[in-house]
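One structure is given here, and the rest of the page talks about it.
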Amino acid sequence: MSTIKANTLLHSDGSTTNPPAIPALDKRMVTAWVSWNGIGTVSIYSSENVSSITDAGVGLFTVNFATALANTNWVAVMSTQENNGSTHSSSNNRVIGPARVARNVNNCMVRAANPSDYSTRDNARNDVLIMGGRA
Amino acid sequence: MKIIYQTDDGIAIITPAPNCSLTDAQTAAKDVPTGSAYKIVADDYVPSDRTWRNAWTIEASELTDGVGE
């Protein structure tokens with residue numbers, strides 16, 4: 001057994017944005033993720049392997065992958081935060097989950113709802129993380 | 001920058017990811033459904049008050065910037 005000790009691991013081109021391939025570990029790494037503001041003017045806080053989000057209505061969004069996934073065996077993990085401030089308009093937390101549609105390799109449709117009545121709601125922060133879907 | 005297109009239920013509004021290397025035109029071509037006409041607008045073209053979000057509409061004649069591929 002050998003151990004590699006290094007402070008920095010770069011692609012052979014020296015880029016700090018072009019990641020080096022680690023085939024044996026790729027399937028354990030995040031495939032795509034995004035965090036966005038869904039109230040007021042919709043905006044993306046940060047993301048990776050996401051080209052855009054589509055606002056389809058109150059609480060209804062699609063996460064579009066920058067690079068299509070290799071297959072539909074992916075897992076979506078999601079969370080929301082109703083407001084950025086210290087107060088909020090109701091005592092209900094928000095839930096977010098995949099919309100009830102056929103999954104595909106290009107995007108993930110999600111729906112944020114109020115668990116008290118399952119009506120769709122906008123949130124200050126919507127976070128989606130995708131694992132899997134790799135060859 | 002936003003990309004707007006019509007859906008069966010109203011309109012959809014695409015927000016490109018700031019750190020994505022695709023151009024606005026490439027994002028529009030890729031993320032707008034195939035065959036749907038779209039319009040590219042400034043952020044402030046879209047109302048920030050989402051109270052009536054599900055009632056928003058756009059004239060089809062305004063969607064002249066391209067078609068989803």
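Worth knowing before you read on, the calculation uses all heavy atoms, side chains too, and leaves out hydrogens, waters and symmetry mates. Residue numbers begin at 1 in each chain, while the letters A, B, ... track the order of the sequences.
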- [ ] Could you tell me which residues in residues 128-135 of chain A have at least one non-hydrogen atom under 4.5 Å from a non-hydrogen atom of chain B, sorted by residue number?
- [x]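 Within residues 128-135 of chain A, no residue comes under 4.5 Å from chain B.
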Within one Ile-Leu-Val-Met-Phe-Trp-Tyr cluster: [X] and [Y], side-chain cutoff 4.5 Å:
X	Y	result
A:Val34	A:Val110	yes
B:Leu63	B:Ile11	yes
A:Val105	A:Val50	yes
A:Val42	A:Ile44	yes

Open item on the list: Nearest 0.5 angstrom please: A:Leu69 CG to A:Arg103 CZ, how far?
Closed with: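 Going from the CG atom of A:Leu69 to the CZ atom of A:Arg103 covers 10.0 Å.
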- [ ] Would you mind reporting whether B:Ile14 and A:Ile53 have side-chain heavy atoms less than 4.5 Å apart?
- [x]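 They are not in contact (no side-chain heavy atoms under 4.5 Å apart), so the answer is no.
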Task: Engaged part of A:Phe61 at the chain B interface, taking heavy atoms whose separation is under 4.5 Å - done: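 The side chain, not the backbone.
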- [ ] Take B:Ile4 and B:Ile40, measure what side-chain contact (heavy atoms from CB on, under 4.5 Å) needs, and give me the verdict at the end.
- [x] CA-CA 6 Å; B:Ile4 301 175; B:Ile40 297 176; over 6 Å; no
Tell me, for [X] versus chain A, whether the close heavy atoms (under 4.5 Å) come from the side chain, the backbone, both or neither.
X	value
B:Ile3	neither
B:Ile13	both
B:Pro16	both

Open item on the list: Between B:Gly10, B:Cys20, B:Pro47, B:Ala17, who has the most heavy-atom pairs with chain A when the cutoff is under 4.5 Å?
Closed with: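 Most heavy-atom pairs within the cutoff with chain A belong to B:Ala17.
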Hey, can you dump all donor-acceptor pairs under 3.5 Å between chain A and chain B, distances included?
residue, atom, partner, partner atom, Å
A:Gly38, O, B:Arg50, NE, 3.4
A:Val42, O, B:Lys2, NZ, 2.5
A:Ser47, O, B:Asn19, ND2, 2.6
A:Ser47, OG, B:Asn19, OD1, 3.0
A:Ser51, O, B:Ala17, N, 2.8
A:Ser51, OG, B:Lys30, NZ, 3.0
A:Ser51, OG, B:Asp31, OD1, 3.4
A:Ser51, OG, B:Asp31, OD2, 2.6
A:Ser52, OG, B:Asp31, OD2, 2.6
A:Ile53, N, B:Thr15, O, 3.0
A:Ile53, O, B:Thr15, N, 2.8
A:Asp55, N, B:Ile13, O, 2.8
A:Asp55, O, B:Ile13, N, 2.9
A:Asp55, O, B:Arg53, NH2, 3.0
A:Asp55, OD1, B:Arg50, NH2, 3.4
A:Asp55, OD1, B:Arg53, NE, 3.2
A:Asp55, OD1, B:Arg53, NH2, 3.4
A:Asp55, OD2, B:Arg50, NH1, 2.9
A:Asp55, OD2, B:Arg53, NE, 3.0
A:Val58, N, B:Asn54, OD1, 2.9
A:Phe65, O, B:Lys30, NZ, 2.7
A:Asp122, OD1, B:Arg50, NH2, 3.3
A:Asp122, OD2, B:Arg50, NE, 2.8
A:Asp122, OD2, B:Arg50, NH2, 3.4

